[in-house]
Amino acid sequence: MASSSSDSQLQPRPADLLVDLRSDTVTAPTAAMRDAMNAAPVGDDVFGEDESINALQDRCAALTGHEAALFCPSGTMTNQIAIQVHTRPGDEVICDRLSHIYNYEGGGIARNSGASVRLLHGDRGRYRLEDMVANVNPADSHYARTSLVAVEDTCNKGGGAVWDVQELERLSAECRKRGLGFHLDGARVWNAWVQRGEWGHPERLRAYGQLFDSMSLCLSKGLGCPVGSVLVGSKEFIAEAHRSRKVLGGGMRQAGVLAAAGLHALDHHVARLEQDHRHASLLGEVLEAHPNIAGVDPVETNIVIFTLPRDNSADVVQAFAQMGIACFAFGPDKIRLVTHLDMTPETIHEACTRIQRWRA
Ligand SMILES: *Cc1c(COP(=O)(O)O)cnc(C)c1O
């Protein structure tokens, strides 16, 4: 995720002493991933001739039960393209107040799409059908036209909170009934799929995918790729998305080397997210038992958010850096830790020990 600048500037330390829990984006491509990238067939994707990109797009479309997909440089771009295709200037987007599309995409909803936003106050990013319905504007020219509803599964700022699929089904049905677009920011949907036991059940993944008109899937978070996100939707939607990607400057040429990393990650880095979830819950337990900490949000996936008794998160981030644990402030009294591919059971054990020893 986009992090605020003043949060945490790490003291330089020997690499072997640093447990980097700032984000699941800090991973380096594995040797096997680099081999896959090296071996990738490529072509000019602006001509639609990159075999690796075509294979990744086809695979993501098939995985989610959608007709088509588009490979893009970032999750911000896939989300922003989706919003642009679903809305017209002056329209309104409904999303949770914790959502990435609202908080961390540079005001892109207004800037790129000229749309306004209606923020819902959900439970760690997960709002209820009734709240959504109550915030759809009437069809009256006084009001902005509500045209898009967006959810984030898992919700980053909600501490990796996982949605209840039944609630998503209700939201989806309501959006279809009202002719509203329904978009998923699935930067970490892989974590949700693993946590709910859906990964490995293709029919459940397609059923989930069918709930949405468009989905943004990130490859560079928990899946460990250096770059890349995929947008999925109908053929018609993706044709329009192509135009937006061009306008935003996201067309790439022989980017099959990047798509090959994504294909490799789909084969090897999804099921293992379970390990990241286990590591996060270990950290959560240690923090929960710690006298300096006021509370820990429920740990559902690979994100741990804890609350301090005072508004001194910048100082605590500094203290953690001194102990060789890199993390981010997530508000004046909150800190976020994220587990990922580059953390072994030993590094997590080491982090737990350091936290246990910490006294403010
Ligand atoms: C990281 C993230 C994105 C997209 O981020 P990029 O850094 O642009 O790839 C979108 N949504 C969520 C929830 C994220 O965590």
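Atoms within a ligand are numbered from 1 in the order they appear, just like the ligands themselves.
Interface atoms of ligand 1 facing Ser74, defined by a heavy-atom separation under 4.0 Å, are 8 (O), 9 (O). Taking every non-hydrogen atom of Glu105 and a distance limit under 4.0 Å, the qualifying atoms of ligand 1 come out as 10 (C). When each atom of ligand 1 is checked for a heavy atom of Glu152 under 4.0 Å away, the hits are 13 (C). Near Arg188, meaning under 4.0 Å from one of its heavy atoms, ligand 1 places the atoms 15 (O). Those atoms of ligand 1 with a heavy atom of Asn79 less than 4.0 angstrom away are 10 (C), 11 (N).
Between Asp24 and Arg188 a salt bridge is recorded (basic side-chain N to carboxylate O distance below 4.0 Å). A salt bridge links Asp123 with Arg126: the closest approach of a Lys/Arg side-chain nitrogen to an acidic carboxylate oxygen falls below 4.0 angstrom. Asp153 has a carboxylate O that lies under 4.0 Å from a charged side-chain N of Arg196, or vice versa, which qualifies the two as a salt bridge. With respect to Arg354 and Glu350, a salt bridge is recorded, a charged nitrogen being found less than 4.0 Å from a carboxylate O.
The shortest N or O to N or O distance between Thr76 and ligand 1 is under 3.5 Å. Checked against a 3.5 angstrom limit, the closest N/O atoms of Lys221 and ligand 1 fall inside it.
Remark: distances from the non-hydrogen atoms of Met77 to ligand 1 are all 4.0 Å or more.
Within 6.0 Å of the NE2 atom in His201, the count of heavy atoms belonging to other residues, nucleotides or ligands exceeds 12.
Looking at Asp185, its side chain never comes within 3.5 Å of a backbone N or O of Glu152 through a donor-acceptor pair.
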